[in-house]
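Read through the structure below, which is laid out as C-alpha cells, and then see the notes.
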Amino acid sequence: MEPFTKLFYDGYFHEYFKIRMLALRHYLKFSDEYKQFLGTNNDLEEHKIIDALKLEIRGTYFHAIETLFELIFAIEGKHDSDIWHRLASSDFTGNYKRISTIATGSMSEWEINVSVNGSEVPFLHYAINFCDSYEDNEDTRNNLSFIQKFMIAIAKDFSQRDDYNAYKHGLRLFPTFIGLQAWNDAASIGFDFGDCYTIMKKEDPYKAHIITFDPERDLRMIGVCSEMISNIVLSRRTAFNNKTECLLYYWYKLDFDEITEPRLTTKSSSFSFRPVYKQNPTDENKKES
C-alpha cells in the first residue's frame, strides 16, 4: 500500500460540499439574518445578497460535479491505493472532454466489470460502493441504473461550462439585466430577468446569455454529489482500516425526477445587442454651415 493511502482516506474532507450546501441553503432562506451577519453598517441591498448566494450555490454545484468525476477518474484501473497521486496529476482538459462524452448518454467507458476477490463487479458500483463482494439482484441493478442516469444528468450540466468558466475566472459580477423591452408602432413585448444572471462570451462581447436561477435544484444536486463523494471515501476508509463492513447506499430509493427536474418559471435565453451611436444634430448643422 502507498504510504499516503490511509492518510488520504482518513483525512479527506468528504463533508465539504454537504456543509457548504447546508450553510448556503440556510442563508438563502434567511437572507435578512445573513445581512445582519455581514454587518449593520453596510449598504448592501438584500436582493444583491440573495443574488450572490444563488451564484455561490451555482458555482458550488459545478465544483461538486467536478470533484465527483475527478475522484471516479482517479479510481479507474483499480488505482484506489494511489488515488492521491492520480488526483494531483489529473489531466483536467482530457477529463472535461470525457465528461462531455458522458453528457451525450454514452457510458461505454464505464459499462465494464472489474474483478474483486474473484467476483465480477460493475465499475460504477465498485467506484461508489467499494465492497469485497457484489450480489447481482434487483436492488443492486436499480442502484446502478440510478447512478448511471445521475452521472449523465450532471455531465450535461457540467458540459454547459460558460457560466462555470465565468464563475471561476472572476467574471461572475457582470451586470445582470433586470428586464428588456422591445417595441414598434404596432406592439411591444417585455421580458422580466429579475431572477436571472447574465454571462457574455468572449467571441461575441455583444451577445448576452440570460440564465435563470434554480437554486433549489442546484442544492438537491449538490446533496447527491456530496453523498456519492462521501461513499467513495468512507467505503475505502473502512476497507483500508481492515474493517469488513460494506457501505452500500441505495440511491435508487430516491426520486430521480424530483431531484433532477428543473423548477424554472422562465427558460434561459440569449440575445445580441449592438451599441448605436447617434449623431448630435448640432454637429450636422455645423457641417452644413
Side-chain angles (χ1 to χ4, degrees), residues 14 17-18 21 60-80 83 86-87 90-92 94-117 119-161 164 214 216-236 239 246-263:
H14 64 90
F17 290 109
K18 182 176 183 178
M21 176 198 70
T60 299
Y61 172 42
F62 278 109
H63 188 193
I65 296 173
E66 189 171 18
T67 300
L68 177 56
F69 273 114
E70 286 294 331
L71 283 169
I72 296 175
F73 290 146
I75 290 167
E76 288 176 330
K78 297 176 66 176
H79 287 284
D80 311 83
I83 186 173
R86 288 172 61 83
L87 284 171
S90 172
D91 177 11
F92 298 110
N95 288 346
Y96 292 159
K97 293 179 181 178
R98 293 184 62 189
I99 294 172
S100 296
T101 300
I102 293 170
T104 67
S106 174
M107 299 289 289
S108 57
E109 291 183 328
W110 286 347
E111 290 174 342
I112 59 174
N113 292 337
V114 294
S115 179
V116 180
N117 292 337
S119 299
E120 292 296 306
V121 180
F123 170 71
L124 277 178
H125 178 92
Y126 167 86
I128 294 177
N129 297 294
F130 185 73
C131 292
D132 291 335
S133 61
Y134 173 76
E135 294 183 15
D136 184 11
N137 55 43
E138 187 175 0
D139 281 338
T140 54
R141 287 192 294 271
N142 288 338
N143 220 31
L144 185 60
S145 176
F146 181 98
I147 293 170
Q148 289 174 331
K149 289 193 300 181
F150 186 76
M151 289 296 162
I152 293 170
I154 61 175
K156 287 180 179 178
D157 288 345
F158 190 80
S159 296
Q160 300 171 8
R161 294 179 47 76
Y164 188 40
D214 194 358
E216 287 303 320
R217 178 185 184 270
D218 289 346
L219 287 165
R220 293 193 301 271
M221 300 293 275
I222 294 168
V224 177
C225 287
S226 174
E227 292 302 326
M228 288 188 175
I229 290 168
S230 290
N231 229 54
I232 289 171
V233 174
L234 291 177
S235 59
R236 284 162 177 79
C246 180
L247 299 176
L248 181 58
Y249 192 100
Y250 289 108
W251 308 101
Y252 79 90
K253 294 183 178 181
L254 302 175
D255 189 326
F256 182 83
D257 291 336
E258 179 65 27
I259 293 169
T260 60
E261 283 296 313
R263 300 290 190 273

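Predicted, not measured: the structure shown is a model, and the values here were computed from it. Residue indices begin at 1 and follow the sequence shown.
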Check against side-chain contact (heavy atoms from CB on, under 4.5 Å), S145 and R141: CA-CA 6 Å; S145 176; R141 287 192 294 271; over 6 Å; no
task: Indicate the atoms forming the closest heavy-atom contact of D214 with P262, along with that distance.
output: OD2-CA, 3.2 Å
- line: Minimal heavy-atom distance between L144 and P122, with the atoms involved, is CD2-CB, 3.7 Å
query: Does any non-hydrogen side-chain atom of F130 lie less than 4.5 Å from one of I75?
result: no
message: Can you list everything that forms a side chain to side chain contact (heavy atoms under 4.5 Å, CB included) with E70? Sequence neighbours excluded, please.
response: E66, L87, S90, F92, N95
query: Could you state the interatomic distance from CG (L219) to CD1 (I259), rounded to the nearest 0.5 Å?
result: 13.0 Å
query: Around atom CD of E258, are there more than 12 heavy atoms of other residues, nucleotides or ligands at under 6.0 Å?
result: yes
- prompt: Rounded to the nearest 0.5 Å, what separation is found between the CH2 atom of W110 and the NE2 atom of H125?
  reply: 15.5 Å
message: Between W251 and N129, is there a side-chain heavy-atom distance shorter than 4.5 Å?
response: yes
- request: Go through the side-chain N and O atoms of Y126 and N113 and say whether any donor and acceptor fall under 3.5 Å apart.
  value: no
- request: Compare every heavy atom of T104 with every heavy atom of T101, then report the nearest pair and how far apart it is.
  value: O-OG1, 2.5 Å
query: Okay, side chain of S159, backbone of K156: is any donor-acceptor separation there less than 3.5 Å?
result: no
- request: Starting at SG of C225, measure out to CZ of F62 and round the result to the nearest 0.5 Å.
  value: 11.0 Å
task: Evaluate the side-chain proximity of I232 to L68: yes if any heavy-atom separation is below 4.5 Å, no if none is.
output: yes
message: Check the orientation of F256 and F146. Use parallel for under 30°, tilted for 30 to 60°, and perpendicular for over 60°.
response: perpendicular
query: Any donor and acceptor pair, going by atom type alone, linking the side chain of N143 with main-chain N or O of Y252 inside 3.5 Å?
result: yes
statement: Taken to the nearest 0.5 Å, the spacing of I112 CD1 from E120 CD works out to 10.5 Å
message: To the closest 0.5 Å, what do you measure between OG (S226) and CE (M228)?
response: 11.0 Å
- request: Verify, without hydrogens or angle tests, whether S100 (side chain) and Y96 (backbone) share a donor-acceptor contact under 3.5 angstrom.
  value: yes
field: Flag side-chain contact, heavy atom, 4.5 Å: L124 against M107
entry: yes
query: Would you call I72 and M151 a side-chain contact if the rule is heavy atoms closer than 4.5 Å?
result: yes
- prompt: So do the side chains of I65 and I99 get within less than 4.5 Å of each other, counting heavy atoms only?
  reply: no
field: Minimum side-chain heavy-atom gap R220-V224 below 4.5 Å
entry: no
query: Short question: side chain of R86, backbone of L71 - any donor-acceptor pair under 3.5 Å?
result: no
query: Any side-chain heavy atom of R217 sitting closer than 4.5 Å to one from Y61?
result: yes
task: Using modelled atom types only, decide if a donor and an acceptor are shared between the side chain of R98 and the backbone of G94 within a distance under 3.5 Å.
output: no
task: Determine yes or no for a side-chain-to-main-chain donor-acceptor pair under 3.5 angstrom, with N231 supplying the side chain and I128 the backbone.
output: yes
statement: Taken to the nearest 0.5 Å, the spacing of H63 NE2 from F17 CZ works out to 4.0 Å
